[in-house]
Amino acid sequence: MPSMKSIKRRISSVSTTRQVMKAMDMVATSKLARTKFQMVAARPMFDEAWRIMEGLRGSEAAEGNVWLTPRKVENTAYLVVAGDRGLCGSYNHSVSQLVLEHMLERGNEKVISVGLKGRDFLRRRGRNVINVAVSPSETTFYTEATRIGSLLMSMYKSGEVDEVFVAYTHFETVMSHVPALVRILPFDATASEDSGFNWMQFELGLEAYLDYAINMFVCSFIYGALLEAATSEHASRMVNMNAAVGNASDIIDDLTLAYNRRRQAVITQEISEIINGITVTA
């Protein structure tokens, strides 16, 4: 049976850990509120960009365009959005595992990783990670999205890669976050017959408009993916830290009970020794 001193030391250790977990829970809750607000505000922009691309995809004038026409796939680019830190449950592993399984079907991948956890996961498994960025802060989401979007578009247009996928975690609720893998280049949304822009005249030509539209779409999609992933990460960390605080409290309760029982046993033993001593003396 452990001594009272060792039990007391463990209670102190678990109490310190609980305080750290509680602080991380509060930080994650605060960050979740801010990133969720940004994510909800950005969704209309993404929806409109997707609607425009669907319309262009249905346009007869867009046939054969480099951004909209699939080609033989030899190299595939992946943008993998994960986190820089752990303690968020299966958040980092789920999205990284989804990408890895898809890579096994493709081969010849080129990976751009946002978040160090995704980079570490894929490099340990021999994947070709060519560019790494730490997770953006609340004020740099769009700046990072435009930088990455420009890089991916340049790689695709030059023929360095033949398709581009974005892997991120889609936020549904605080308790539900779903890993997603979406191909953004070439754009392949199925358009309805009446969604095309055949009736429109483009002053600078369709090609110039398409270049502008696809740049807006790619950057908007990546921006949305970064926000969705960040919101999911904070929600996952908040839920896990809250559970950890509860588990620590349960451990402290069990240790306190064991400590009190041990102390009671020691007191009972001391009383018995005193009584036995008195009896012997008498």
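Residues take their numbers from the sequence shown, with the count starting at 1. Note that the structure is predicted; figures quoted are calculated from it, not measured.
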On a heavy-atom basis, which atom in [X] and which in [Y] lie closest, and how many Å separate them?
| X | Y | result |
| --- | --- | --- |
| Cys88 | Asn240 | C-ND2, 3.6 Å |
| Leu87 | Arg237 | O-CG, 3.4 Å |
| Val161 | Ala77 | CG1-CB, 3.8 Å |
| Glu144 | Leu226 | CB-CD1, 4.4 Å |
| Cys219 | Gly149 | SG-CA, 4.5 Å |
| Val81 | Tyr91 | O-OH, 4.1 Å |

Nearest 0.5 Å please: distance from the [atom1] atom of [X] over to the [atom2] atom of [Y].
| X | Y | atom1 | atom2 | value |
| --- | --- | --- | --- | --- |
| Leu185 | Lys157 | CG | NZ | 11.5 Å |
| Met24 | Lys31 | CE | NZ | 9.0 Å |
| Arg263 | Ile7 | CZ | CD1 | 11.5 Å |
| Trp50 | Phe187 | CH2 | CZ | 4.5 Å |
| Asp84 | Arg119 | CG | CZ | 9.0 Å |
| Glu101 | Ser96 | CD | OG | 11.0 Å |

Flag side-chain contact, heavy atom, 4.5 Å: [X] against [Y]:
| X | Y | result |
| --- | --- | --- |
| Leu68 | Pro186 | no |
| His102 | Leu98 | no |
| Asn242 | Thr29 | no |
| Asn128 | Val111 | no |
| Glu109 | Arg127 | yes |
| Val166 | Tyr168 | yes |
| Leu152 | Ile222 | yes |
| Glu233 | Thr169 | no |

(message) With side-chain contact (heavy atoms from CB on, under 4.5 Å) as the criterion, how do Phe171 and Val178 come out once you've worked through the C-alpha distance, each side chain's angles and the decisive distance to 0.1 Å?
(response) CA-CA 7 Å; Phe171 179 85; Val178 182; over 6 Å; no
Taking [X] for its side chain and [Y] for its backbone only, find out whether a donor-acceptor pair lies under 3.5 Å.
| X | Y | result |
| --- | --- | --- |
| Ser3 | Ser6 | yes |
| Ser176 | Thr173 | no |
| Ser12 | Lys8 | no |
| Asn260 | Thr256 | yes |
| Ser150 | Thr146 | yes |
| Ser15 | Ile11 | yes |
| Ser113 | Val132 | no |
| Ser249 | Val245 | yes |
| Asn92 | Gly83 | yes |
| Ser13 | Arg9 | no |

Report the C-alpha separation of Phe217 and Trp67 in whole Å, then their side-chain angles, then the decisive distance to 0.1 Å, and conclude whether the ring-ring contact (aromatic ring centres under 6.0 Å, His included) test is met. CA-CA 11 Å; Phe217 165 73; Trp67 304 115; over 10 Å; no
Query - side-chain contact (heavy atoms from CB on, under 4.5 Å) assessment of Asp47 paired with Arg51 - result: CA-CA 6 Å; Asp47 292 339; Arg51 187 192 68 81; over 6 Å; no
Same apolar cluster (I L V M F W Y, side chains within < 4.5 Å links), [X]/[Y]:
| X | Y | answer |
| --- | --- | --- |
| Leu79 | Met103 | no |
| Phe46 | Met153 | yes |
| Ile130 | Val99 | no |
| Val266 | Tyr259 | yes |
| Leu181 | Val80 | yes |

Tell me whether the count of non-hydrogen atoms from other residues, nucleotides or ligands lying under 6.0 Å of CZ in Arg18 goes above 12.
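Enclosed: over 12 neighbouring heavy atoms sit under 6.0 Å from CZ of Arg18.
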message = For the CE atom on Met45, are there more than 12 heavy atoms of other groups (residues, nucleotides or ligands in this structure) within a distance under 6.0 Å?
response =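 Yes.
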Problem set entry | Sole candidate of Arg183, Lys110, Arg71 that passes salt bridge (charged side-chain N to carboxylate O under 4.0 Å, His left out) when paired with Asp162 |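 It is Arg71; the other options fail the test.
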By side-chain contact (heavy atoms from CB on, under 4.5 Å) - contacts of Ser90 (at least two apart)
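side-chain contact (heavy atoms from CB on, under 4.5 Å) list for Ser90, sorted by chain: Ser94.
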- [ ] Please test Arg34 against Ser30 for side chain to side chain donor-acceptor pair (under 3.5 Å), starting from the C-alpha separation and ending with a verdict.
- [x] CA-CA 7 Å; Arg34 293 196 295 269; Ser30 176; 2.8 Å; yes
query: Can a salt bridge be assigned to the pair Arg43 and Glu228 using a cut-off of 4.0 Å between side-chain N and carboxylate O?
result: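 Looking at Glu228 together with Arg43, the answer is yes, because their closest N to O distance falls below 4.0 Å.
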(Q) Applying side chain to side chain donor-acceptor pair (under 3.5 Å) to Glu163 and Thr76, what does each step give before you reach the verdict? (A) CA-CA 5 Å; Glu163 57 182 355; Thr76 303; 3.0 Å; yes
ring-ring contact (aromatic ring centres under 6.0 Å, His included) involving Phe121 - partner list, sequence neighbours excluded =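 For Phe121 the ring-ring contact (aromatic ring centres under 6.0 Å, His included) partners, ignoring immediate neighbours, are His93.
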Report the relative orientation of the aromatic rings in Phe165 and Tyr78; use parallel for angles under 30°, tilted for 30 to 60°, perpendicular for over 60°.
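The rings of Phe165 and Tyr78 lie parallel, inter-plane angle below 30°.
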